[in-house]
Amino acid sequence: MAARVGRNDFQILVLSGPSGSGKTTVVERLINESTVKLVKAISATTRPQRKGEVDGVAYYFLTTDEFVKRRDQGDFLETAEVFGAGYWYGTLKSEIQRAKDNQGWAFLEIDVQGALKVMEIYPEALTIFLQPPSLEVCEQRLRNRATDSEETIQRRLRKVHEELALADRYCYQVVNDDLDRAVDEIKTIIGKHSL
Ligand code: ADP
Ligand code: 5GP
């Protein structure tokens, strides 16, 4: 069970879910609508920047050499090669500190491997797994998003099963069927843990 924390206390909120489950969409809504101040931890990644993604906003885009150097320096809370395609993702410890400095909760949108690591380090973290209504819907959303090649979509879909198998390790599972309903459910969960 996640720890109860005071309204002004620090908490780590982790959101995971398969590609296409709607994490990015839900994160944006929560940042704007949550009554608790959520500070999105900006991850570092070595994957190529997508059109429209701003360095330092969507991610810190690093070369592999830069990423390895920072990992070896101990700058990361966790790292993972999320899709087995040679691209690395990681949460910088400085992002947790930035949330604390801003009197907000650190909001991590990370994969299941990273989330398990965070659960080890911060057992009191509030963890939420976003479930797609079905695998078909997940695939359809990835295609409609139109940001990835067919090869990338296939790689992401192969990972869905690995992620779903770990869903019960999270404090809560929320189905992102209707976006408003799912966002409301998460806001209620956050509210319960901030009393
Ligand atoms: P993720 O970050 O988990 O890969 P995205 O947030 O990019 O997923 O969502 C994938 C696509 O699905 C986007 O085009 C988004 O607009 C759409 N989407 C997200 N949530 C819903 C929902 N509840 N109903 C319909 N479409 C959704
Ligand atoms: P994207 O679509 O941005 O290429 O990939 C996002 C995937 O990487 C999602 O599964 C997301 O949760 C995960 N991810 C993003 N940042 C991090 C991070 O810092 N650490 C880990 N472990 N996974 C991350």
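Indexing begins at 1, ligand by ligand and atom by atom, following the structure's order.
To the nearest 0.5 Å, atom CD1 of residue Ile96 and atom CD1 of residue Ile12 are 4.0 Å apart. Interatomic distance, CD1 of Ile121 versus CG of Leu116, reported as 11.0 Å (0.5 Å rounding).
Set against the non-hydrogen atoms of Pro18, the atoms of ligand 1 under 4.0 Å away are 3 (O). When each atom of ligand 1 is checked for a heavy atom of Ser19 under 4.0 Å away, the hits are 4 (O). Contact atoms of ligand 1 toward Leu179: 23 (N) (distance under 4.0 Å to a heavy atom of the residue). Counting atoms of ligand 1 from 1 in the listed order, those under 4.0 Å from a heavy atom of Asp177 are 22 (C), 23 (N), 24 (N).
Salt-bridge check for Arg155 with Glu151: passed, with a basic side-chain N closer than 4.0 Å to an acidic carboxylate O. Checked for salt-bridge contact, Asp75 and Lys69 miss the test: no charged N lies under 4.0 Å from a carboxylate O. Here Arg156 does not pair with Glu139 in a salt bridge; the nearest charged N to carboxylate O distance is not below 4.0 Å.
When side chains are defined from C-beta on, Arg50 counts as touching Asp148, because their heavy atoms get closer than 4.5 Å. The closest side-chain heavy-atom distance from Ser21 to Leu130 is below 4.5 Å. Thr79 has its side chain out of reach of Lys117: every pair of non-hydrogen atoms, C-beta onward, lies at least 4.5 Å apart.
Heavy-atom proximity to atom 4 (O) of ligand 1, evaluated over Gly22, Ala146, Gly20, Ala182, is greatest for Gly20.
Side-chain atoms of Gln97 and Asp101 form a donor-acceptor pair, as typed in the model, at a separation below 3.5 Å. Checked by atom type, the side-chain pair Glu66/Tyr60 shows no donor-acceptor distance below 3.5 Å.
The shortest heavy-atom distance from Gly17 to ligand 1 is not under 4.0 Å.
For atom 21 (C) of ligand 1, the nearest non-hydrogen atom of the protein is Arg141 CZ, 3.7 Å. The protein heavy-atom contact nearest to atom 6 (O) of ligand 1 is Thr25 OG1, 2.6 Å. What sits closest to atom 7 (O) of ligand 1 on the protein, heavy atoms only, is Arg145 NH1, 2.9 Å. Closest to atom 2 (O) of ligand 1, if we only count protein heavy atoms, is Thr24 OG1, 2.6 Å.
Inclusion of Lys23 in the set of residues having an N or O under 3.5 Å from an N or O of ligand 1 is warranted. Any N or O atom pair closer than 3.5 Å counts here, and Leu142 shares no such pair with ligand 1. Below 3.5 Å of separation, one finds an N or O of Asn176 facing an N or O of ligand 1.
Around atom CZ of Arg169, no more than 12 heavy atoms belonging to other residues, nucleotides or ligands sit under 6.0 Å away.
If you look at Val26 next to ligand 1, there are no close heavy atoms at all, none under 4.0 Å.
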For Arg181 and Asp184, run salt bridge (charged side-chain N to carboxylate O under 4.0 Å, His left out): C-alpha distance rounded to whole Å, both residues' side-chain angles, the deciding distance at 0.1 Å, then the answer. CA-CA 5 Å; Arg181 197 209 56 75; Asp184 279 349; over 6 Å; no
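In this structure, Tyr172 and His193 have perpendicular ring planes: the angle between them is above 60°, well past the 30° mark.
Within 4.0 Å of ligand 2, protein heavy atoms belong to Lys23, Ser43, Arg47, Arg50, Tyr59, Glu78, Ala80, Val82, Phe83, Tyr89, Gly90, Thr91, Glu109, Ile110, Asp111, Gly114, Arg156, listed by chain and number.
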